[in-house]
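Some notes on the structure that comes next.
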Number of protein chains: 2
Amino acid sequence: MTIKEVCEVYKITPDTLRYYERVGVIPRVHRTAGGIRDYDETDLGWVANAICFRDAGLSIELLAEYVRLFREGDETFEARCDLLRGAREELLAARKKYDVALEKLEYKIAKYEEAVRTGTLSWDDEPGN
Amino acid sequence: MTIKEVCEVYKITPDTLRYYERVGVIPRVHRTAGGIRDYDETDLGWVANAICFRDAGLSIELLAEYVRLFREGDETFEARCDLLRGAREELLAARKKYDVALEKLEYKIAKYEEAVRTGTLSWDDEPGN
DNA sequence: ATACTACATGGAGTGAGCTCCAAGTCAAGG
DNA sequence: CCTTGACTTGGAGCTCACTCCATGTAGTAT
């Protein structure tokens, strides 16, 4: 699979994909004899995971560290597991912040919908909004 | 309340707080006669909201736009409501990505915990991990 | 053989969101 | 009155994660 095809599948630019490889977020991709990237199933798996985890806000550095450990072999099982657990904590903490913000948002939206109907806004409870 | 006190409460730096004010994420804060910031309840409310929404990933620009509309007065109720609804969609979409990533993470962590116990890893299902 | 297109590489440039710094001001203590 | 320390401002600098660019090459069409 060429880089262009992969880009179409995952809605990402070739530059980003090459960048991910360069900084080690995905391992080195297979090449044709002429040196052109030719993504196989395994490469695609790495790409999919990288995009998924980046979308969730995990850092380039964390993902690259995981790949580095992966390449070192089986004696890094625990290290990789620890890293993933850390990542999980990070994501859970971030999601909690989303929930707090969403709750605030819902409250405000309800207020505004009422305000649009009645023509007046009443911030009786929360200051400065 | 001085800028330092506000910073201690919200675990943020004075530079960030002044930056937020400069770019309009919060409206201009009250000052003492000497020009020193003196945060009142309303100012604190804006600060709390700004931090909450920034933590959830809403952009500086979106928050500043809200403040801009707020300052324009009551005829922007609808615009503000629309903006908030857009923000809600953004947050819901982002949270969905978190959930997908968390699910993947849980799966991997389970695999690794098994691997650490048994000494071998079996990626029978997913390629490239 | 020549032209064209899609890829390759290394390195520079960009935008968002802070973060730091120089120079100046003000209020309190000695 | 002078020093000290916490504040002020405008502007430069930094980090992260891309994104763009110049230059070169590989493969295909004419």
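This structure is a prediction, so every number in the text was calculated from the model and none was measured. In what follows, chains are A, B, ... by sequence order, proteins preceding strands, each numbered from 1. Both backbone and side-chain heavy atoms feed into the values below; hydrogens, waters and symmetry mates do not.
Across the protein-nucleic acid pair, B:Arg54 atom CZ and C:dT19 atom P stand 11 Å apart, rounded to whole Å. In this structure, A:Ile3 atom CD1 and D:dA26 atom C1' are separated by 15 Å, rounded to whole Å. Distance B:Ile36 CD1 to C:dA28 P: 10 Å, rounded to the nearest Å. Going from atom CD of B:Glu21 over to atom P of C:dC18 covers 15 Å, rounded to whole Å. Remark: P of C:dA27 and CZ of B:Arg31 are 15 Å apart, rounded to the nearest angstrom. Between B:Ile60 atom CD1 and C:dG17 atom C1' the separation is 6 Å, expressed in whole Å. A:Tyr19 places its OH atom 15 Å from the P atom of C:dG10, with the value rounded to the nearest Å. Summarising the geometry, the separation between CZ on B:Arg28 and C1' on D:dT8 is reported as 11 Å, rounded to the nearest angstrom.
In plain terms, the two heavy atoms of A:Val67 and A:Val25 that are nearest each other are CG2-O, 3.3 Å.
Between B:Arg22 and C:dC18, a side-chain N or O to OP1/OP2 separation shorter than 4.0 Å is absent. Contact between the side-chain N/O atoms of A:Arg37 and the OP1/OP2 oxygens of C:dT9 is found at a separation under 4.0 Å. Put simply, A:Tyr20 has no side-chain N or O that comes within less than 4.0 Å of OP1 or OP2 on D:dA17. At least one side-chain nitrogen or oxygen of B:Arg18 sits closer than 4.0 Å to the OP1 or OP2 atom of D:dT8. Within the structure, a side-chain polar atom (N or O) of B:Thr16 is placed less than 4.0 Å from OP1 or OP2 of C:dT19.
Between the side chains of A:Tyr112 and B:Arg80, at least one donor-acceptor pair of N or O atoms lies under 3.5 Å.
Applying the ring-ring contact (aromatic ring centres under 6.0 Å, His included) test between A:Trp46 and each of A:Phe53, A:Tyr20, A:Phe70 identifies A:Phe70 as the sole match.
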Point to revise | Chi angles and distances behind the side-chain hydrogen bond (donor to acceptor under 3.5 Å, both in side chains) call for A:Asp40, A:His30 | key: CA-CA 7 Å; A:Asp40 65 16; A:His30 291 99; 2.8 Å; yes

Check your understanding: Which is it for B:Glu89 and B:Arg95 under the salt bridge (Lys or Arg N to Asp or Glu O under 4.0 Å) test, yes or no, and what are the steps along the way?
Key -> CA-CA 10 Å; B:Glu89 293 317 303; B:Arg95 209 180 45 165; over 6 Å; no

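Nearest-nucleotide positions on DNA chain C for B:Gly57 and B:Ala33 put B:Gly57 closer to the 5' end.
Residue side chain B:Asp15 reaches the base of C:dC20 through a donor-acceptor N/O pair under 3.5 Å, judged by distance alone.
B:Ser59 comes within 4.0 angstrom of the backbone, heavy atoms only, and of no base.
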